[in-house]
Amino acid sequence: MYKILDKVNSPIDLKKLNEAEILRLSVEIREFLLDTVSKTGGHLASNLGVVELTIALHLSFDSPSDRLIWDVGHQSYIHKILTGRKSEFCSLRKLNGMSGFLKINDNEHDIFGAGHSSTSISAAYGVACARTIKNEKFNVVAIIGDGALTGGMAFEALNNIGHTNENVIIVLNDNEMSISENIGGVSKYLSKLRTNKKYFIVKNKAHSILDKANGFGTKLTNGIKTIKGSIKYLFVPGIFFEDLGITYIGPIDGHNMKELSDSFARAKNVEGPVLVHVITKKGKGYLPAENSPDLYHGVGTFDRNKGIVKKNSITFSTVLGESLVNCARLNEKVLALTAAMPTGTGLTNFKNTFPKRYIDVGIAEQHAVTASAGLAIEGLIPVFAVYSTFLQRAYDQIVHDVCLQNLKVIFAIDRSGVVGADGETHNGIFDIAYLSHIPNITILVPRDGDNLSLMLDYAVNVHEGPIAIRYPRSTTTFNKNIDSLNLQPRILRQGSDGVIFAIGNMIEVACLASKKLQEENIFIRVVEMPRIKPLDEKLVLEYTSNIDNVFTIEDHVVKSGFGDIILDTLVKNNVKFSNFNKFGYPDKFIEHGSIEEIHKIYGLTEDYVYNYIYKVIRRKDGEN
Ligand SMILES: Cc1ncc(C[n+]2csc(CCOP(=O)(O)OP(=O)(O)O)c2C)c(N)n1
Ligand SMILES: CC(=O)[C@@H](O)[C@H](O)COP(=O)(O)O
Ligand SMILES: [Mg+2]
């Protein structure tokens, strides 16, 4: 099937190929990517865009002694293919299968793990400093996308590297796209560089005219010097990087093997940091992905001949988006913010409906939070829709800029709980832990779309101060059949043998387990907790009085999670009980797999809860 690809199981094999075989290899790799990713799901468009780039990197450098450090890592499939992992692609992002990102324990060529954006230049700088301190010799290469370059960390690293003159090669993979179109001044600057061939012609023409005029007296000559100086500033490509102390090479065609290898050879000989600006096409080689790179950024399984068929399922994200549009219609102070994730967070409709009240800050969660604080201090109502895992980036901004000043910023925390195929770097299982101890913040957890919508309306129109609403990566119901929001703990099932306090997507699990236990004459009360901070202590104490067995369940780590909030309340009030168990994740990073598989492994299922409580109760009753 793959005449050349079958011969390549390492970068050493790659270096044995001739030019014609290399070209053939890029065709076969695209075929392989389409064939596998259409069956497994994964990140397709970004990988289709870096086939030649990745081949050229492994031809020009000697991985792993030369360090290749990938930003995000979602575009590292070809790197994995060329480093002996073709056969693992059938298990891509599957339970116990190959990760969709790089992990340092997976392979010697995977120098630095990622999943979150904008880390590669900092990591590369650290590796390069270590090389220098240990007096070792090898190349350090960071490969970062134009989207990732909008992340603040990337600029902290550029600023530092430019100053220290450390030998680092930064390969900027510029496909003019983040997940959707890239935004911001950086993106504008890069597009100027991309089109700078025109600039060069104009510059040369301007210079030759000025040179001819040069003979007319010193006044004119000085004037000419200033103009030429400004022309230089205008037209020297990459002047921004050059002025930071980073040599700029480019822009080069990221699909032209010769241009790539010549540029990498030049870069290796540059003293100090160098940035190679590579222009690629996201989705290259598969027309549907070339035409809709955002749709083919992260794909489920699809028929490659028909392309992706958009599903209209109702998810928490789509409910958030629709509800926010409604809020904004009725309240002109409402704004929506995203950090380069408009589609994933359900904000596309809001962006089209209220373009003037929609802000995409790029991959800049910290900036988004503090900008939201700025909006709030001026009396507007910012709703920052963000994945739980990416909000981790902005912990200090939440504390220092929002909660300390008690500002009305609304955090719509999507992808809370395990997310499935993206695994460790993307699970949203720490947000209750990193938020619940911050003074002034309120935390709500809707059980379904209707409650999410009502909670958002409450946050926008009633609540004052910081508020977070966490919801999972999941479909939901949105029947609009409840018109009033109840934030108090609510008994859903009666029982006196024990009580389960449940939140969000775990409420149904608790009810099903309680129902099953009732068939064994074990009566377990189930209490829904729509608000976990501030906790309604009075009702929690009431619902645990004369109850011997207390349980909590959450799609979150148990350490400093919802369970600990309940436990702390009982202990603080000297409530007596024989058993307390928190269903949730242990103190470890939770692996990738389907959400259902992960819930099953970690006991967030009705069967596990049923069996656990059955044994506790029966053991107490003296039964074996
Ligand atoms: C901190 C953080 N925020 C958001 C994301 C989600 N995300 C994954 S890839 C991506 C776009 C990256 O764009 P670029 O670097 O240009 O890579 P491309 O997909 O275009 O190759 C984003 C926003 C992330 N991985 N990390
Ligand atoms: C690589 C990255 O961080 C994003 O593409 C992420 O994988 C999107 O996750 P969802 O598929 O849950 O939107
Ligand atoms: Mg890009």
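In this text, all values refer to a predicted model and were calculated from it rather than measured experimentally. Residue numbers start at 1 and run along the sequence shown. In each ligand, atom 1 is the first atom listed, and ligand 1 is the first ligand listed.
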Location of contacts on Val419 toward ligand 2, heavy atoms closer than 4.0 Å: neither
Region of His116 engaging ligand 2 - heavy atom pairs below 4.0 Å: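 It is neither part, as no heavy atom is under 4.0 Å.
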For [X], the ligand 2 atoms whose distance to one of its heavy atoms is below 4.0 Å:
X: Arg473; value: 10 (P), 11 (O), 12 (O)
X: His297; value: 5 (O)
X: Ile179; value: 5 (O)
X: Phe101; value: 1 (C)

Which protein non-hydrogen atom lies closest to [atom], naming both residue and atom, and how far is it?
atom: atom 21 (O) of ligand 1; result: Asn175 ND2, 3.3 Å
atom: atom 7 (O) of ligand 2; result: Asp422 OD2, 2.6 Å
atom: atom 14 (P) of ligand 1; result: Gly147 N, 3.5 Å
atom: atom 5 (C) of ligand 1; result: Phe390 CZ, 3.3 Å
atom: atom 7 (N) of ligand 1; result: Ile179 CD1, 3.8 Å
atom: atom 13 (O) of ligand 1; result: Ser178 CA, 3.4 Å
atom: atom 13 (O) of ligand 2; result: Tyr387 OH, 2.6 Å
atom: atom 4 (C) of ligand 2; result: His43 NE2, 3.8 Å
atom: atom 23 (C) of ligand 1; result: Ile363 CD1, 3.5 Å

Polar contact flag for His426 and ligand 1 (N/O pairs, less than 3.5 Å): no
Shortest-distance N/O/S atom, Asp146 versus the Mg ion (ligand 3): OD1
Mutual orientation of the aromatic rings belonging to His79 and Trp70 [parallel < 30°, tilted 30-60°, perpendicular > 60°]: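 The rings of His79 and Trp70 sit tilted, inter-plane angle from 30° to 60°.
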contact_flag Gln75 ligand 1 heavy-atom lt 4.0 Å: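 Per 4.0 Å heavy-atom rule, Gln75 does not contact ligand 1.
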Heteroatom N/O/S of Asn182 within less than 2.8 Å of the Mg ion (ligand 3):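 For Asn182, the answer is no, given that no N, O or S atom comes within less than 2.8 Å of the Mg ion (ligand 3).
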N/O/S atom of Ser46 inside 2.8 Å of the Mg ion (ligand 3), strictly under: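 Given the 2.8 Å cut-off, Ser46 does not count as a ligand of the Mg ion (ligand 3).
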Backbone of Val8 reached by a side-chain donor or acceptor of Lys86 within 3.5 Å: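 Flag set: sc Lys86 to bb Val8 pair under 3.5 Å.
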Side-chain donor/acceptor of His437 to backbone N/O of Ala433, under 3.5 Å: yes
Subset of ligand 1 atoms that lie under 4.0 Å from at least one heavy atom of Asp146: 16 (O)
Sub-4.0 Å heavy-atom approach of His426 to ligand 2: yes
Backbone or side-chain N or O of Arg415 under 3.5 Å from ligand 2 N or O: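 Checking ligand 2 against Arg415, an N or O pair does fall under 3.5 Å apart.
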